[in-house]
Amino acid sequence: MNINTANFATSAPDLKSCPKAVLPEFAFIGRSNVGKSTLINLLTGRKGLAKVSGTPGKTQLINFFDINRQWQLVDLPGYGFAKVSKQQRAEFNVAVADYLEARETLVHTYVLIDSRLPPQKIDQRFVTWMAEAGVPFSLVFTKADKQSSGKTQSNVAKFRREVLAGVTTPPEIFVTSSVSKEGRQHVLGHIEKLIKAK
Ligand code: GDP
């Protein structure tokens, strides 16, 4: 997929404030500092589109970007620091849970995982919640350039064993790097395929 236009559209604090659901949406989420802003900039080819921040937890809004006037890229607030919902649904914010469970135009969600780390409890809990809630998702292992591909593959394999073993439909897995641009076309191709399948 070529990115011809990529523009910030709007922000919303919760599901009811989200823009009218029209175009297919593809959401991105992960722990703070996992490289989500960097990945969004890599995918869209726009360096400053999502802010690469040094302040974890600052962005608590759902951000919508209009891509090619064809689909919306949705930047969800990171998890791992937000208030726990009353229902203890998960350790991420209620707006995110509402959006993931109820947004009609949401097609697919990409859950970002830091490829340098062995499986983290918070990612495990989030992925398990996604699977149980029946929200379609893939995993994107970020920052692959930071270590050897052997090390990345070993962390991916650990994640499969320790986290995905109990998941009925195992998610697709992508490996990305903002430095080498590895994985960019794979993720964009996946989005394109899902748009065409609709
Ligand atoms: P966010 O909080 O999830 O949006 O994370 P950021 O996009 O702000 O990234 C956190 C830090 O990781 C920043 O210093 C980025 O430059 C760095 N980073 C993110 N992705 C990559 C990558 O693929 N390779 C390398 N080497 N650094 C990355």
Side-chain angles (χ1 to χ4, degrees), residues 3 6-13 25-67 72-83 90-93 95-97 99-100 108-127 129-130 135 137-156 158-159 163 171-191:
I3 305 295
N7 299 300
F8 172 75
T10 190
S11 295
E25 291 174 4
F26 294 84
F28 291 79
I29 189 164
R31 265 189 327 140
S32 166
N33 216 37
V34 70
K36 179 164 54 81
S37 308
T38 304
L39 180 72
I40 291 170
N41 294 342
L42 172 74
L43 292 176
T44 57
R46 306 291 189 278
K47 268 208 171 108
L49 195 62
K51 287 188 195 89
V52 176
S53 74
T55 323
K58 235 179 85 182
T59 335
Q60 286 296 295
L61 294 172
I62 301 174
N63 293 306
F64 294 81
F65 300 91
D66 187 282
I67 312 294
Q72 301 259 302
L73 188 158
V74 182
D75 180 2
L76 294 172
Y79 54 78
F81 48 78
K83 280 183 235 121
E91 292 148 281
F92 53 98
N93 86 28
V96 168
Y99 173 88
L100 290 170
H108 201 79
T109 298
Y110 297 89
V111 180
L112 278 56
I113 307 289
D114 192 325
S115 70
R116 295 173 300 177
L117 308 174
Q120 303 289 295
K121 284 259 155 60
I122 182 82
D123 291 327
Q124 171 155 29
R125 286 195 287 269
F126 184 72
V127 164
W129 180 85
M130 288 287 280
V135 182
F137 69 98
S138 294
L139 299 178
V140 178
F141 285 81
T142 61
K143 311 188 188 182
D145 59 278
K146 292 241 188 191
Q147 71 277 317
S148 69
S149 64
K151 181 76 192 161
T152 300
Q153 285 315 317
S154 133
N155 282 336
V156 171
K158 266 190 212 147
F159 204 94
V163 182
E172 285 206 43
I173 291 180
F174 300 93
V175 173
T176 63
S177 158
S178 65
V179 174
S180 70
K181 296 189 169 37
E182 174 184 357
R184 178 177 186 269
Q185 279 306 336
H186 287 128
V187 176
L188 288 176
H190 188 247
I191 293 172

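For the single chain, residues carry numbers from 1 onward in sequence order. Both counts, for ligands and for their atoms, begin at 1 and track the order of listing.
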**OP:** Counting heavy atoms only, name the option from K51, K143, K181 that's nearest to atom 12 (O) of ligand 1.
**Re:**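 It is K143 that holds the nearest heavy atom.
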Original post:
Which of these, G30, S178, S37, has its nearest heavy atom closest to atom 4 (O) of ligand 1?
Top reply: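 Nearest option to atom 4 (O) of ligand 1, by heavy atoms: S37.
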Output yes when the distance from some N or O of ligand 1 to some N or O of [X] is under 3.5 Å, and no in every other case.
X: S32; value: no
X: V179; value: no
X: T142; value: no

Original post:
For E25, what residues pass the salt bridge (charged side-chain N to carboxylate O under 4.0 Å, His left out) criterion, not counting sequence neighbours?
Top reply: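 Checked E25 against salt bridge (charged side-chain N to carboxylate O under 4.0 Å, His left out); matches are R103.
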**OP:** Within a distance under 4.0 Å of any heavy atom of S177, pick out the atoms of ligand 1 and give their elements.
**Re:**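 Result: 23 (O).
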**OP:** Pull out every atom of ligand 1 sitting under 4.0 Å from any heavy atom of N33, numbered as shown with elements.
**Re:**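 Near N33, meaning under 4.0 Å from one of its heavy atoms, ligand 1 has 1 (P), 2 (O), 3 (O), 5 (O), 10 (C), 11 (C).
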Original post:
Hey, does G78 sit under 4.0 Å from ligand 1 if you only count heavy atoms?
Top reply: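 It does not, in that no heavy atom of G78 comes within the 4.0 Å cut-off of ligand 1.
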**OP:** Have a look at ligand 1 and work out which part of V34, if any, has a heavy atom under 4.0 Å from it: side chain, backbone, both or neither.
**Re:**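 Contact part for V34 vs ligand 1: both backbone and side chain.
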**OP:** Measure from the ring center of F64 to the ring center of F8 and say whether it is less than 6.0 Å.
**Re:**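 Aromatic pair excluded; centres sit 6.0 Å or further apart.
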Original post:
Between V74 and I62, does a side chain to side chain contact (heavy atoms under 4.5 Å, CB included) hold up when you go through it step by step?
Top reply: CA-CA 7 Å; V74 182; I62 301 174; 3.5 Å; yes
Original post:
Can you tell if the side chain of F26 reaches within under 4.5 Å of the side chain of T109, non-hydrogen atoms only?
Top reply: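 No. Closest side-chain heavy atoms not under 4.5 Å.
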Original post:
Is the shortest heavy-atom distance from the side chain of F174 to the side chain of H190 under 4.5 Å?
Top reply: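 Touching, per the 4.5 Å side-chain cut-off.
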Original post:
Is R31 salt-bridged to D114, cutoff N-O under 4.0 Å?
Top reply: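 Salt bridge: no.
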**OP:** Ignoring hydrogens and angles, state whether a donor on the side chain of S11 or N63 is under 3.5 Å from an acceptor on the partner side chain.
**Re:**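 Indeed, the side chains of S11 and N63 share at least one donor-acceptor pair under 3.5 Å.
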